[in-house]
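Index from 1, following the sequence. Counting convention: from 1, in listed order, for ligands and their atoms alike.
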Amino acid sequence: MAIKFGRPIELRDTPRRQTDALASPSLDLTIRMRRNRKTEWARRLVRENVLTTDDLIWPMFVVDGHNARTPVASMPGVERLTVDQIVRDAERAAKLNIPCIALFPFTEPSLRDEQGSEALNPDNLVCQAVRAIKKEFPDIGVLCDVALDPFTSHGHDGLIEGGKILNDETVAVLVKQALTQAEAGCDVIAPSDMMDGRIGAIREALDDNGFGDVQIMSYAAKYASAFYGPFRDAIGSAKTLTGDKRTYQMDSANSDEALREVELDIAEGADMVMVKPGMPYLDIVRRVKDHFAMPTFVYQVSGEYAMIAGAAANGWIDGERAMMESLVGFKRAGADGILTYFAPKAAEKIKAES
Ligand SMILES: NCC(=O)CCC(=O)O
Ligand SMILES: [Mg+2]
């Protein structure tokens with residue numbers, strides 16, 4: 001049936017009104033999409049996606065010291081926290097019903113070396129923070145990033161030889177890093193390094209060492225991105241990073257390749273998969289969710305946060321609305337959860353409105 005201007009032509013029993021369209025601009029529309037938007041209650045009724053606090057993972061930066069909170073200049077509103085302060089924010093997360101927090105260390109430059117040895121120190125900042133949080137708040141999920149970049153003097157995620165990032169040798173170290181974090185009490189191991197084969201190797205090691213219940217969230221489709229800049233400030237690797245990460249992180253032009261990466265990580269034992277960054281890669285989130293029907297996460301990275309928080313701080317956009325719009329956008333794209341530096345703010349807003 002041909003439909004023109006809203007009503008099937010075949011159903012038109014009376015001739016169109018012979019009015020002067022300009023004088024009386026009344027369109028003969030059967031369907032008017034605006035009816036469902038006319039009031040707040042109607043909009044709520046037809047709303048397709050809702051952001052809840054259950055969707056949030058809160059990334060936090062841990063730094064050495066006591067009772068200190070240092071602002072990260074390029075991430076307005078985000079601070080590096082000493083372990084005692086991380087515990088205070090874990091309490092805030094628990095009160096806000098945020099299910100999980102993610103930990104990233106600022107490693108003292110004197111502790112960084114070519115091999116990222118500090119990653120294997122069972123008393124490193126991340127392990128201290130995990131133990132402190134788990135002691136006071138055992139019911140909150142703690143996720144630990146697995147990669148060497150916060151610990152290496154060169155700022156890369158893996159070992160380097162002759163200018164090349166070594167894959168299999170790096171995986172062997174990452175396995176030890178994951179075990180160190182699991183020993184400390186970490187609930188979710190999240191490898192972000194993009195080495196081939198690391199998920200399978202880590203899964204096997206966890207299982208062989210009595211950590212069969214520890215989950216793996218793989219940064220499965222992680223792109224080489226300009227949007228990680230402020231994070232590198234936060235963990236102190238911005239100045240030391242030599243070159244870029246394009247030999248291991250994905251090319252932003254690729255989409256099918258993301259499906260192959262995700263498929264491999266699932267086959268190797270990932271319980272949850274992640275796409276990163278978020279906003280420029282919503283199409284990848286949708287494809288991954290549709291293709292694999294896996295618990296699918298997305299990381300709204302530091303640069304995305306900085307764009308919104310920075311513009312809001314300058315009065316150029318409404319920061320709260322932009323925050324909520326960006327977060328529900330991830331839900332609409334198919335994400336089951338979002339790692340976002342906005343987590344506490346968004347949770348507070350959700351709580352205030354419920
Ligand atoms: N492995 C964790 C990250 O690289 C985070 C990046 C960001 O927030 O920019
Ligand atoms: Mg991979």
Side-chain angles (χ1 to χ4, degrees), residues 57-62 72 74-75 77-78 80 101-107 116 119 126 143-152 155-158 165 167-168 170-171 174 177-178 181 188-203 216-238 241 244-245 247-251 254 256-270 273-281 284 288 297-310 326 338-343:
I57 297 177
W58 180 2
M60 296 180 188
F61 297 108
V62 55
V72 178
S74 51
M75 299 177 74
V78 172
R80 294 187 201 106
I101 57 192
L103 298 174
F104 299 95
F106 174 93
T107 309
V126 167
L143 176 151
C144 290
D145 198 84
V146 171
L148 299 181
D149 54 318
F151 308 99
T152 50
H156 279 284
D157 297 26
I165 308 293
N167 192 88
D168 301 13
T170 296
V171 171
L174 298 175
Q177 181 183 15
Q181 293 169 341
V188 183
I189 292 292
S192 71
D193 54 286
M194 288 297 279
M195 296 301 120
D196 291 323
R198 88 279 204 218
I199 300 298
I202 290 172
R203 182 72 271 163
I216 296 180
M217 179 187 290
S218 81
Y219 288 71
K222 177 173 179 177
Y223 287 84
S225 171
F227 290 94
Y228 304 147
F231 174 88
R232 291 177 190 160
D233 284 340
I235 65 162
S237 69
L241 179 64
D244 59 54
K245 303 192 177 185
T247 69
Y248 46 107
Q249 299 178 347
M250 284 182 58
D251 184 333
N254 295 354
D256 289 345
E257 188 189 347
L259 298 187
R260 295 184 69 206
E261 283 283 7
V262 171
E263 184 172 27
L264 281 166
D265 285 4
I266 294 169
E268 290 176 29
V273 295
M274 190 208 298
V275 173
K276 176 185 171 191
M279 282 164 69
Y281 300 91
I284 308 297
V288 167
F297 290 77
V298 62
Y299 202 137
Q300 182 178 48
V301 302
S302 58
E304 301 174 59
Y305 174 88
M307 285 196 300
I308 295 174
S326 67
I338 307 146
L339 292 94
T340 174
Y341 304 98
F342 284 122

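- Every atom of ligand 1 with a heavy atom of Lys276 under 4.0 Å away is listed here by number and element: 1 (N), 2 (C), 3 (C), 4 (O), 5 (C), 6 (C).
- Remark: ligand 1 atoms within the under-4.0 Å shell around heavy atoms of Phe227 are 9 (O).
- Contacts of Ser192 with ligand 1, taken as heavy-atom pairs under 4.0 Å, involve the side chain alone.
- For atom 8 (O) of ligand 1, the nearest protein heavy atom (residue, atom name, distance) is Tyr341 OH, 2.6 Å.
- Of the possible donor and acceptor atoms, none in the side chain of Tyr223 sits under 3.5 Å from a partner among the backbone N and O of Pro280.
- Distance alone, capped at 3.5 Å, places no donor-acceptor pair between the Gln249 side chain and the Met194 backbone.
- Nearest heavy-atom pair, Ala119 versus Leu148, reported as atom, atom and distance to 0.1 Å: CB-CD2, 3.9 Å.
- Below 30°, between 30° and 60°, or above 60°: for Phe231 and Phe61 the angle between ring planes is between 30° and 60°, a tilted geometry.
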**OP:** Might you work through the side-chain hydrogen bond (donor to acceptor under 3.5 Å, both in side chains) test for Ser326 and Glu304, ending with a clear yes or no?
**Re:** CA-CA 9 Å; Ser326 67; Glu304 301 174 59; over 6 Å; no
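- Distance from atom 9 (O) of ligand 1 to its nearest protein heavy atom, with residue and atom name: Ser302 OG, 2.5 Å.
- The side-chain tip of Lys276 points at the ring of Tyr228 from less than 6.0 angstrom away and within 45° of straight on.
- Checking each of Val188, Asp265, Ile189, Val273 against Met217 for a side chain to side chain contact (heavy atoms under 4.5 Å, CB included) leaves exactly one that passes, namely Val188.
- No heavy atom of Gln300 sits closer than 4.0 Å to any atom of ligand 1.
- At least one heavy atom of Lys222 sits less than 4.0 Å from an atom of ligand 1.
- Within the 4.0 Å heavy-atom cutoff, Tyr305 does not count among the residues contacting ligand 1.
- The Mg ion (ligand 2) has an N, O or S atom of Glu261 closer than 2.8 Å.
- Counting heavy atoms under 4.0 Å from ligand 1, residue Val301 touches it through both backbone and side chain.
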**OP:** Apply side-chain hydrogen bond (donor to acceptor under 3.5 Å, both in side chains) to Ser237 and Asp149, showing your working.
**Re:** CA-CA 7 Å; Ser237 69; Asp149 54 318; 5.2 Å; no
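- Proximity to Asp145 (heavy-atom distance under 4.0 Å) selects the following atoms of ligand 1: 1 (N), 2 (C).
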